[in-house]
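First the structure, in the form of structure tokens, and then the observations on it.
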Amino acid sequence: MNLLFGRNKPGFDRVLLIVTLLLICLGVVIISSASIMESGMKFDDDMYQTKKHLFSIAMAVFAGFICASIPSRIWAKCSLPSFVTVLVLLVLVLLVGRRINGATRWLSLGFMNLQPSELLKLVWILYFSSYITRKIKFISFTFKGFFKPFLFIGVMTGLLMLQPDMGSSVAVVFITIAMLNSAGAGLFKFIIVIGFAVVVGVLAVVFSPYRMKRYTSFLDPWEDVFGDGYQLTQSLMAYGRGGLTGEGLGNSYQKLGYLPEAHTDFVTAIFGEEFGFIGMCCLVTLEFLIVCKAFLLSIRILKVNAIYQGYIAAGIGSWFCFQTFVNIGAASGGLPTKGLTLPLVSYGGSSMIVTVCAIAILLRIDYEWRNHLISIDAPVEDQAASTKEV
């Protein structure tokens, strides 16, 4: 409670909290509008998807309070067991996972479907932050130290691609590269990694017919309007109808059965149709504020020393930045469809819970930093010792 209502110490970052709440509220509003047709037809309840979303938010807030009450140093101690647990879940989802729209990404818990790939992003940030802190010299000054984490990346992306989930695979690689950059790794190493990642990505597309169709339809969706390009063309029509100020809340035309997945991956298209270009600018600004808050906190901490909490903030900022860019880019035709949610806005229980927990951890780190509760003596090992353990 001192974190929220303490009078003698600086409290939590109210701007970050308010922006988070605004995004969640905007998500509820637009999902209520975008899902009304599908909910009524499939479940005979116009508010069915909205009720499920509100239930996810309730669980997310509960989980967020728990994460905000845990001292950030505890995450370093439990990050490895958590990472191993998520890897087990990724294997388990391939064996007994629930298959939806041709992908096996969910474990049924009865009251909700758990998506381990969403949990992986946050857990990987927590674990890799600990790794960087302990191996900073090893990573910065040796090729072996820089490339060793990509052995873990290979295992994770392999399990994700079997689902298949290329979007989460790319997200994990992007987050890793961004965090290594914050650790001061050399430019030449990044060129090698990015070049290799591009080659692997191209091969993954070339040898997968459905991915090839997705990419070719992205290049010219109007060539096959009623086939592979249908979803993207309907999304573009939604943005076009929205214009500058939008059609008004509830007045979307594309949500009436024309745009598939209107309340999930393409929720921003409905938002753009109903609130227009001005509304989209406000939405992007709110997401951008969270990214800025995370990066500024990271910079302040890492200026003092290579401290664990600084890398967590950098990882969360990179994660939110990437998913916002890809989600809006895919819905507007600027990028191929990847199936990544818009943080705090899109429909999805696992995504909502994990992103709220990430914000809660960010709030906790900011609170500890401003109240001088974070030790500036980072547990950095010498280079020789760094080569002996993971």
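Note: hydrogens, waters and symmetry copies are ignored here, and every other heavy atom, side chains too, is used. Residues: numbered from 1 along the sequence shown.
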Checklist entry - Taking C-beta and beyond as the side chain, do Arg134 and Ser130 meet within less than 4.5 Å on heavy atoms? => result yes
Checklist entry - Going from CG on Leu89 to CG on Leu119, what distance comes out if it is rounded to the nearest 0.5 angstrom? => result 7.0 Å
Next on the checklist: Can you give me the closest heavy-atom contact between Leu340 and Asn327, atom names plus distance?
Outcome noted: O-ND2, 2.7 Å
Next on the checklist: For Phe62, give me all partners under ring pair (Phe, Tyr, Trp, His ring centres under 6.0 Å), at least two apart in sequence or on another chain.
Outcome noted: none
Checklist entry - Under 4.5 Å between side-chain heavy atoms, hopping through other hydrophobics if needed: is there a path connecting Ile299 to Trp369? => result no
Checklist entry - Looking at Gly310 and Ser298, what are the two nearest heavy atoms and their distance? => result O-OG, 2.9 Å
Next on the checklist: Just so I know, are the side chains of Leu21 and Leu17 near enough to count as touching, which here means a heavy-atom distance under 4.5 Å?
Outcome noted: yes
Checklist entry - Distance-only, no hydrogens or angles: does the Ser39 side chain make a donor-acceptor pair with backbone N or O of Ile36 under 3.5 Å? => result no
Next on the checklist: Under the criterion side chain to side chain contact (heavy atoms under 4.5 Å, CB included), I'd like the reasoning laid out for Leu362 against Asp13: C-alpha separation, chi angles, the key distance, then a yes or no.
Outcome noted: CA-CA 9 Å; Leu362 206 59; Asp13 189 334; over 6 Å; no
Next on the checklist: Tell me whether Ser129 contacts the main-chain N or O of Leu126 through its side chain, where contact means a donor paired with an acceptor under 3.5 Å.
Outcome noted: no
Item to check | Test item: Phe152 and Phe128 side chains (from C-beta on) under 4.5 Å apart, heavy atoms | outcome: no
Item to check | Side-chain (Asn371) to main-chain (Tyr367) donor-acceptor, under 3.5 angstrom | outcome: yes
Checklist entry - Given Ser79 and Val123, is the side chain to side chain contact (heavy atoms under 4.5 Å, CB included) satisfied, shown in steps? => result CA-CA 7 Å; Ser79 60; Val123 171; over 6 Å; no
Checklist entry - What are the two closest non-hydrogen atoms of Ala358 and Ile316, and how far apart are they? => result O-CD1, 3.5 Å
Next on the checklist: Can you list, by chain and residue number, the hydrophobic cluster partners of Tyr48 when the side-chain cut-off is 4.5 Å?
Outcome noted: Phe43
Checklist entry - Does Leu160 reach the side chain of Arg105, with side-chain heavy atoms less than 4.5 Å apart? => result no
Next on the checklist: To check you understand the geometry: which heavy-atom pair defines the closest contact between Val345 and Leu23, and what is its length?
Outcome noted: CG2-O, 3.7 Å
Item to check | Of all pairs that satisfy ring pair (Phe, Tyr, Trp, His ring centres under 6.0 Å), the ones with a partner from residues 266-290, not counting sequence neighbours | outcome: Phe271-Phe275
Item to check | Short side-chain donor-acceptor distance under 3.5 Å, Ser351 and Gln115 | outcome: no
Next on the checklist: To the closest 0.5 Å, what do you measure between CD (Glu287) and SG (Cys292)?
Outcome noted: 11.5 Å
Checklist entry - Does a side chain donor of either Trp319 or Thr355 reach within less than 3.5 Å of an acceptor in the other side chain? => result no
Item to check | Backbone of Gly250 reached by a side-chain donor or acceptor of Glu274 within 3.5 Å | outcome: yes
Next on the checklist: Does the structure place the NZ or CZ of Arg14 under 6.0 Å from the centre of the six-membered ring of Phe12, at an angle of no more than 45° from the ring's axis?
Outcome noted: yes
Checklist entry - Is a side-chain donor-acceptor pair under 3.5 Å present for Gln49 with Tyr347? => result yes
Next on the checklist: Taking Gln231's backbone N and O only, do any of them form a donor-acceptor pair with Ser235's side chain (distance below 3.5 Å, no angle check)?
Outcome noted: no
Checklist entry - Quick check: does any side chain N or O of Lys255 sit under 3.5 Å from a backbone N or O of Ser33, one acting as donor and the other as acceptor? => result yes
Next on the checklist: For Phe325, is the CZ atom crowded, meaning more than 12 foreign heavy atoms sit under 6.0 Å from it?
Outcome noted: no
Checklist entry - Is it true that a side-chain atom of Tyr230 and a backbone atom of Tyr258 form a donor plus acceptor pair closer than 3.5 Å? => result yes
Checklist entry - Side chains of Ile30 and Thr268: does their closest heavy-atom pair fall under 4.5 Å? => result no
Checklist entry - For the residue pair Ala269 and Ala238, what are the closest heavy atoms and their distance? => result O-CB, 3.6 Å
Next on the checklist: Under the rule for salt bridge (charged side-chain N to carboxylate O under 4.0 Å, His left out), what residues qualify as partners of Glu368, not counting sequence neighbours?
Outcome noted: Arg364
Item to check | ring-ring contact (aromatic ring centres under 6.0 Å, His included) assessment of Phe174 paired with Phe322 | outcome: CA-CA 8 Å; Phe174 180 86; Phe322 178 80; 4.9 Å; yes
Checklist entry - Are any of the side-chain heavy atoms of Met280 and Ile328 separated by less than 4.5 Å? => result yes
Item to check | Separation of Ser82 OG from Leu120 CG (nearest 0.5 Å) | outcome: 11.5 Å
Next on the checklist: The criterion is side chain to side chain contact (heavy atoms under 4.5 Å, CB included); which residues satisfy it with Val291, sequence neighbours excluded?
Outcome noted: Phe295, Phe320, Cys321
Next on the checklist: Ignoring hydrogens, what is the shortest heavy-atom contact between Asp46 and Gly40? Give both atom names and the distance.
Outcome noted: OD1-CA, 3.4 Å
Item to check | Co-membership, hydrophobic cluster, residues Ile74 and Leu80, 4.5 Å side-chain | outcome: yes
Checklist outcome for this item: Residues at least two apart in sequence or cross-chain that pass side chain to side chain donor-acceptor pair (under 3.5 Å) with Ser346, listed by chain then number, are none
Next on the checklist: Measuring only between side-chain heavy atoms, which start at C-beta, is Arg98 closer than 4.5 Å to Val93?
Outcome noted: no
Item to check | Residues Thr133, Ile307; criterion side chain to side chain contact (heavy atoms under 4.5 Å, CB included); working and verdict | outcome: CA-CA 6 Å; Thr133 305; Ile307 301 171; over 6 Å; no
Checklist entry - Would a hydrophobic clustering, with Ile, Leu, Val, Met, Phe, Trp and Tyr connected at side-chain separations under 4.5 Å, put Phe65 with Phe55? => result yes
Checklist entry - Looking at Lys51 and Asp45, does any basic side-chain N land under 4.0 Å from a carboxylate oxygen? => result yes
Checklist entry - Can any side-chain N or O of Tyr308 pair as donor or acceptor with the backbone N or O of Ala76 at less than 3.5 Å? => result yes
Item to check | Flag, side chain of Ser72 to backbone of Gln309, donor-acceptor distance under 3.5 Å | outcome: no
Checklist entry - Between atom CD of Gln234 and atom CG of Leu236, what is the distance when rounded to the nearest 0.5 Å? => result 9.5 Å
Item to check | Within one Ile-Leu-Val-Met-Phe-Trp-Tyr cluster: Leu344 and Ile66, side-chain cutoff 4.5 Å | outcome: yes
Item to check | side chain to side chain contact (heavy atoms under 4.5 Å, CB included) assessment of Ile24 paired with Thr20 | outcome: CA-CA 6 Å; Ile24 292 174; Thr20 300; 4.1 Å; yes
Next on the checklist: Using side-chain heavy atoms (C-beta onward) and a distance below 4.5 Å, is Tyr253 in contact with Glu273?
Outcome noted: yes
Item to check | Single-linkage hydrophobic cluster Leu151~Tyr131, side-chain heavy atoms < 4.5 angstrom | outcome: no
Checklist entry - Could you state the interatomic distance from CD1 (Ile125) to CE (Met179), rounded to the nearest 0.5 Å? => result 6.0 Å
Checklist entry - Distance from Ser350 atom OG to Leu107 atom CG, nearest 0.5 Å? => result 9.0 Å
